[in-house]
Amino acid sequence: MTKLDKRTREKEIYKVTLLGSFVNFLLVVLKFLAGIAGHSAAMLADAVHSLSDFITDMVVVLFVRISNKPEDKGHDYGHGKYETLATALIGMALLGVGLGILWNGANEILAFLRGEQLRSPGMLALVAAIISILFKEILYQYTVRVGEKCNSQAVVANAWHHRSDALSSIGTAIGIGGAILLGPNWTVLDPIAAVVVSFFIMRVSIKLLIPCVDELLEKSLPDSVEREIEQIVLSFDGVTEPHHLRTRRIGNNYAIEIHVRMDGNIPLHKAHETATAIERKLKERFGEDTHIGIHVEPIK
């Protein structure tokens, strides 16, 4: 990726993230007011979820700027893992929000089962939930497209945070709507909706965290990618026996290290030219920012 491409990528990420943070801020205010005025536990939980969205938007803005910094003396492989760290923080925030919503909803349900009368949510809370669904789904569609276009794990993760908020609001709307339409004996639908939504949120968080953990623990690239690397290496004349292949992800980029064998009688410059050509082809396939190390062993 050229420097111009990197600047364009960073600009696109900032644009979509700042738009998301503005929408999230407005929804946080709306949901808290609607949850308090409408006496809805599900809406207040939804407001906390939107607040976590706003916080993670700020995390993305900070860490994407750091991850785009070039290699330096202290970071030979660049700063790509800062974006991975941002994705992990978003995943952990989602998991925490899901557990919090589950805890609060379960306590409300237990109180209802003990005979306590829960407050019936108001129409304002239902309207706020519907508005949230519309805005967050639109925001998800826009953000995920930008994330895929920019090949940004953190932006795609943030898009799923928007989608989880939309799902949260759907559950909230069902719970609030059911409690309003069916009367006082069904007010428990409000916290039940919150509990159901919490499981959707935690599921998304786990899906985000697993690949982050794999990368931070230096897990190798998938077998299909490693086989493709070996095929590219073997496509060059005079190159045999690729071995000691080591691969890993660094943010949105790959790191590849491989040993190959060539005829020990060929000139040194010829072996160097071949190794350079292999490196060039691997970068064409996996990106210019791919970190590649090719070790040539002579066949005697």
Side-chain angles (χ1 to χ4, degrees), residues 1 6 9-10 12-14 16-18 20-21 24 28 48-72 74-103 136 139-140 143-168 197-222 225 246-255 286-287 289-291:
M1 188 177 285
K6 286 182 178 179
R9 177 180 184 268
E10 189 173 336
E12 286 290 316
I13 290 173
Y14 285 157
V16 70
T17 305
L18 290 174
S21 65
N24 284 330
V28 166
V48 174
H49 190 193
S50 291
L51 179 60
S52 73
D53 264 355
F54 179 74
I55 293 171
T56 52
D57 284 338
M58 298 302 100
V59 171
V60 170
V61 169
L62 174 63
F63 280 85
V64 166
R65 170 161 295 217
I66 295 173
S67 70
N68 280 336
K69 290 172 62 178
E71 300 169 10
D72 57 32
H75 300 82
D76 293 332
Y77 289 91
H79 298 75
K81 285 198 176 181
Y82 281 94
E83 190 163 341
T84 304
L85 178 59
T87 307
L89 290 174
I90 292 171
M92 288 187 289
L94 269 175
L95 184 59
V97 168
L99 290 171
I101 292 174
L102 174 62
W103 177 263
K136 295 300 290 193
L139 199 56
Y140 162 77
T143 305
V144 78
R145 281 199 297 269
V146 172
E148 291 172 351
K149 175 184 174 183
C150 296
N151 190 29
S152 171
Q153 293 179 358
V155 173
V156 172
N158 211 24
W160 276 104
H161 208 163
H162 295 319
R163 168 59 68 81
S164 71
D165 204 6
L167 292 174
S168 175
V197 168
S198 72
F199 285 104
F200 283 101
I201 296 171
M202 288 186 285
R203 179 175 176 270
V204 171
S205 72
I206 292 169
K207 287 176 67 177
L208 293 175
L209 284 171
I210 288 175
C212 290
V213 171
D214 285 345
E215 181 179 339
L216 293 173
L217 294 179
E218 304 288 345
K219 184 176 180 180
S220 302
L221 298 176
V225 176
R246 296 184 178 91
T247 61
R248 58 192 171 109
R249 287 189 67 98
I250 302 175
N252 296 303
N253 304 316
Y254 290 169
F286 299 110
D289 289 329
T290 303
H291 301 273

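Just so it is clear, the model here is predicted, and its values are computed rather than measured.
- Across all their heavy atoms, K136 and A166 have their closest contact at CB-CB, 3.8 Å.
- A pairwise comparison of heavy atoms in H162 and T143 identifies CD2-OG1, 3.5 Å as the closest pair.
- Closest approach of G91 and S205 over heavy atoms only: O-CB, 3.2 Å.
- Closest approach of L95 and M202 over heavy atoms only: CD1-CG, 3.9 Å.
- A distance of 8.0 Å separates CZ in F286 from CG in L221, rounded to the nearest 0.5 Å.
- By the 4.5 Å heavy-atom criterion applied to side chains, L94 and W160 are not counted as neighbours.
- Looking only at side-chain heavy atoms (C-beta outward), V16 and V155 come within less than 4.5 Å of each other.
- Smallest separation of non-hydrogen atoms from L102 and S198: CB-OG, 3.5 Å.
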